[in-house]
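Source: prediction; values computed, not measured. Numbers here simply count residues along the sequence, with the first being 1.
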Amino acid sequence: MNRIKQLRIRKGLTLKELATELSKISNKTISYATISRWEKGINEPKLETWLKLSDYFDVPVSYLQGIGDDLTGWIDWEDATGYNKQELQAEIDRLEKAGYINATDDIQSKIGSAVKSLDYSSATTNQGMLKMVERELIQLKTRVTDAVVIPPKKVDMNGLKVIPSGTKTETRNGVDVEVYNQLMKLLDETRYKLPNLMRNNDN
């Protein structure tokens with residue numbers, strides 16, 4: 001049985017009050033009768049509603065659904081990310097000490113920030129910062145190319161559409177192809193220098 005009723009009562013809410021709160025955060029009307037049916041197991045919320053309830057009560061979806069007893073969600077995070085509780089907690093402690101997250105933040109937000117940092121998806125370490133720059137350089141090359149390069153014509157070769165070898169890059173009016181090529185070279189050179197910074201500042 002799910003724990004919606006248990007958590008609602010813990011918050012001191014009536015069915016009508018929870019319906020009002022959930023309607024606000026869901027941007028749609030949810031009746032207290034609907035919540036009552038959820039609590040009794042007659043009906044099930046949709047996944048997006050489970051997630052809204054999970055955020056509202058600050059518990060993992062698995063705990064809310066009655067599938068697991070881990071109130072914090074460490075096991076869910078471990079299964080989803082491959083990092084164990086000790087690694088996540090150590091990274092949370094480091095981020096708090098460095099001022100990237102606040103001690104008053106809810107545990108789910110803290111764990112999420114720790115995962116991003118450990119994945120080098122956020123600039124909370126030297127490697128994280130450099131990885132972020134590398135991703136931005138790749139995306140910048142793509143955006144510039146999409147904006148100024150005329151897509152080359154493809155030819156049919158044994159049933160496959162391919163770009164003929166030796167096809168020269170053509171740019172749109174107002175953009176010098178040589179300036180474009182030099183810019184692409186500059187972005188590539190900058191990107192290829194990043195690993196040296198990572199090796200020199202491994203942190």
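- Screening R3, K5, R8 for a side-chain hydrogen bond (donor to acceptor under 3.5 Å, both in side chains) with E39, the sole residue that qualifies is R8.
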Problem set entry | Worked verdict on L137 versus L194 for side-chain contact (heavy atoms from CB on, under 4.5 Å) | CA-CA 11 Å; L137 286 171; L194 293 178; 4.1 Å; yes
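- Of all heavy-atom pairs spanning K110 and A103, the tightest one is NZ-O, 2.8 Å.
- Side-chain polar atoms of Y180 and T145 form a donor-acceptor pair below 3.5 angstrom.
- Inter-residue side-chain proximity for I92 and I111 is flagged as met; some heavy-atom pair is nearer than 4.5 Å.
- The hydrophobic cluster containing L15 does not contain M1, counting ILVMFWY residues as joined when their side-chain heavy atoms lie under 4.5 angstrom apart, directly or transitively.
- Shortest non-hydrogen contact noted between E21 and Y56 is CG-OH, 3.5 Å.
- No single ILVMFWY cluster, assembled from side-chain heavy atoms under 4.5 Å apart, contains both V59 and I9.
- Under the 4.5 Å side-chain heavy-atom criterion for grouping Ile, Leu, Val, Met, Phe, Trp and Tyr, V133 is not connected to I138 through any hydrophobic cluster.
- Heavy atoms of other residues, nucleotides or ligands lying less than 6.0 angstrom from NZ of K11 number more than 12.
- The distance from the OG1 atom of T167 to the NZ atom of K154 is 11.5 Å, given to the nearest 0.5 Å.
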Problem set entry | Worked verdict on K185 versus D188 for side-chain contact (heavy atoms from CB on, under 4.5 Å) | CA-CA 5 Å; K185 182 180 178 182; D188 282 335; 5.7 Å; no
Exercise. Could you go step by step and tell me if L18 and I30 meet the side-chain contact (heavy atoms from CB on, under 4.5 Å) rule?
Worked result: CA-CA 9 Å; L18 179 57; I30 297 175; over 6 Å; no
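- With a 6.0 Å radius and a threshold of 12 heavy atoms from other residues, nucleotides or ligands, Y32 has its OH atom at or below the threshold.
- Taking the centre and axis of the six-membered ring of F57, the NZ or CZ atom of K52 falls outside the cone set by 45° and 6.0 Å.
- Side-chain polar atoms of W77 and Q108 form a donor-acceptor pair below 3.5 angstrom.
- Side-chain contact between I150 and R172 is present, with heavy atoms from C-beta onward closer than 4.5 Å.
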